[in-house]
Amino acid sequence: MSRMFPIPFNKPCFIGNEQAYIVQAIANGHISGDGPFTRKCESFLVENLKTKRVLLTTSCTHALEIAAILLQLNPGDEVIVPSFTFVSTANAFALQGARPVFADIRPDTLNIDERALESLISPRTRAIVPVHYAGVGCEMDTILDLAEHYNLIIIEDNAHGLFGRYKDRFLGTFGSLATQSFHETKNISCGEGGALIINDLEFLERAEIIREKGTDRSRFFRGQVDKYTWVDFGSSYVMSDILAAYLYAQLEAYRLIQTRRQRIWNYYYEELRQWAQDQGVLLPFVPAHCDQSYHMFYLILPSEKDRDRMIDHLKSHGILSVFHYQPLHLSPMGRSFGGKPGDCPVTEQVSGKLLRLPFYNDLSETLQEYIVEIIHQFKTI
Ligand SMILES: *Cc1c(COP(=O)(O)O)cnc(C)c1O
């Protein structure tokens, strides 16, 4: 039993062919980017998500940076992002001189509140970046209507939501662009990695150039130009084929991975439902028109004090839980862009009360049974 402790919050899980494919990548003699495994991953995602083009990148952060460069932002341009998200969602656009404008979230799904968006749109607004929190779709019908009406570009940060759907359409296929993460903490991983999904092909040619250090190397490799040169802004955003080999093993097995995660999520939900109701704790909410990606399981405790007591309670029984996100509008950078307390009340509330339970592909029912038993011992104040 003691070897199981502490129960980590996350751990990398192998699905089968990772090692064999890495060996094959080495044998292929192509370990830089855009090799055979990169092509396999990209076409796999194109076919399975029903999108037009996918470019593997070194991270989701870098895919967001490519998207931000594609926007050709001018100083003072504004990009609307949720305050309740990972830093990169805002930083990628700030890096290109834009001012992030922070939107609050819905209290039920914790997704960007589409009802709050219109009042945040100004003549300087260029884009909205919805984050499908926990892999549950944002209200894309409303967001797309606003984008069309105000001529804004939608970039989905779909780091949580690979294979999730909104009204039967895959997350990541609504915006002109979308980004994926294959970081160790995500459902499908290669340690560090990401992808840019290109739903609007107008962006493809420049995206390829930006990803290749500002050169037209991709056209050169296709034989469209006879030498390659510096043609635009860019950086080094191409994933090594060794990592793509690892990633392909996981992508090929995505149904198995998703089935495992669905079991884990459902187990937590069923076993904690009554306790949560009795203790005034909120569990995740998934609207009927959304198929979630089973990325995480969280609890919202009645107070910050209860949340911190729960973290300690779990820790004292060898269970590691974590919380996130610190509201971006109240971070030192967020404040420098004008964020102040009270701007996003739901974000400010939820951020202090949310806790994420251990969730990784190999988490066994035996361990979950133990985690649930320890949670059941906890009484809120
Ligand atoms: C993980 C995550 C990112 C960053 O992903 P990396 O691949 O680590 O750069 C961005 N946005 C959200 C919402 C995330 O959860």
Passing option when Val54 is tested against Ile198, Ile197, Thr38 for side-chain contact (heavy atoms from CB on, under 4.5 Å): Ile197
Less than 4.0 angstrom from a charged side-chain N to a carboxylate O is my criterion; do [X] and [Y] meet it?
| X | Y | value |
| --- | --- | --- |
| Asp343 | Lys340 | yes |
| Arg115 | Glu139 | no |
| Asp34 | Arg217 | no |
| Asp306 | Arg309 | yes |
| Arg263 | Glu365 | yes |

Should the ring pair [X] and [Y] be called parallel, tilted or perpendicular, given that the plane angle runs from 0 to 90° and is split at 30 and 60?
| X | Y | result |
| --- | --- | --- |
| Phe297 | Tyr268 | tilted |
| His160 | Tyr325 | parallel |
| Phe163 | Tyr254 | parallel |
| Phe174 | Tyr166 | perpendicular |

Applying side-chain contact (heavy atoms from CB on, under 4.5 Å) to Asp278 and Trp275, what does each step give before you reach the verdict? CA-CA 5 Å; Asp278 296 344; Trp275 166 84; 5.7 Å; no
Report, as yes or no, whether the 6.0 Å neighbourhood of atom [atom1] on [X] holds more than 12 heavy atoms from other residues, nucleotides or ligands.
| X | atom1 | result |
| --- | --- | --- |
| Arg222 | CZ | yes |
| Lys379 | NZ | yes |
| Lys305 | NZ | no |
| Gln224 | CD | yes |
| Phe220 | CZ | yes |
| Leu204 | CG | yes |
| Glu148 | CD | no |

Student check: side-chain heavy atoms of [X] and [Y] closer than 4.5 Å:
| X | Y | result |
| --- | --- | --- |
| Arg206 | Asp232 | yes |
| Glu252 | Lys40 | no |
| Leu283 | Tyr269 | yes |
| Pro36 | His30 | yes |
| Pro130 | Met140 | yes |
| Pro100 | Phe93 | no |
| Phe359 | Tyr298 | no |

Side chain to side chain donor-acceptor pair (under 3.5 Å) with Asn361: of Gln250, Arg260, Lys11, Arg261, only one passes, and it is Arg261
[X] [atom1] to [Y] [atom2] distance, which is reported to the nearest 0.5 Å:
| X | Y | atom1 | atom2 | answer |
| --- | --- | --- | --- | --- |
| Thr51 | Glu42 | OG1 | CD | 11.5 Å |
| Phe86 | Gln326 | CZ | CD | 12.5 Å |
| Gln262 | Ser293 | CD | OG | 11.0 Å |

Criterion side-chain contact (heavy atoms from CB on, under 4.5 Å) on Ile22 and Gln19, from CA distance to verdict: CA-CA 5 Å; Ile22 286 176; Gln19 283 206 18; 5.8 Å; no
Give the C-alpha distance, both sets of side-chain angles, the deciding distance and a yes or no for side chain to side chain donor-acceptor pair (under 3.5 Å) between His132 and Asn158. CA-CA 6 Å; His132 304 296; Asn158 195 32; 4.5 Å; no
Look at the side-chain heavy atoms of Ile, Leu, Val, Met, Phe, Trp and Tyr, link any pair under 4.5 Å apart, and say whether [X] and [Y] land in one connected group.
| X | Y | value |
| --- | --- | --- |
| Leu363 | Leu320 | no |
| Tyr267 | Phe378 | yes |
| Val23 | Ile15 | no |
| Ile128 | Leu71 | no |
| Tyr21 | Ile188 | yes |

Quick one: does Arg211's side chain have a donor or acceptor within less than 3.5 Å of a partner on His62's backbone? no
Derivation of the side-chain contact (heavy atoms from CB on, under 4.5 Å) call for Leu201 and Arg53: CA-CA 8 Å; Leu201 288 179; Arg53 271 302 292 274; 4.0 Å; yes
Decide yes or no on ring pair (Phe, Tyr, Trp, His ring centres under 6.0 Å) for His324 and Tyr133, but give the supporting numbers first. CA-CA 12 Å; His324 75 179; Tyr133 182 74; 5.7 Å; yes
In sequence, state the C-alpha distance, the side-chain angles, and the governing distance for Gln274 and His376, and then conclude on side chain to side chain donor-acceptor pair (under 3.5 Å). CA-CA 10 Å; Gln274 189 59 51; His376 282 168; over 6 Å; no
Applying side chain to side chain donor-acceptor pair (under 3.5 Å), run through Asn199 and Thr173 and close with a yes or a no. CA-CA 6 Å; Asn199 297 308; Thr173 63; 5.4 Å; no
So Ser122 and Glu78, side chain to side chain donor-acceptor pair (under 3.5 Å) or not? Walk me through it. CA-CA 8 Å; Ser122 84; Glu78 295 171 359; 2.8 Å; yes
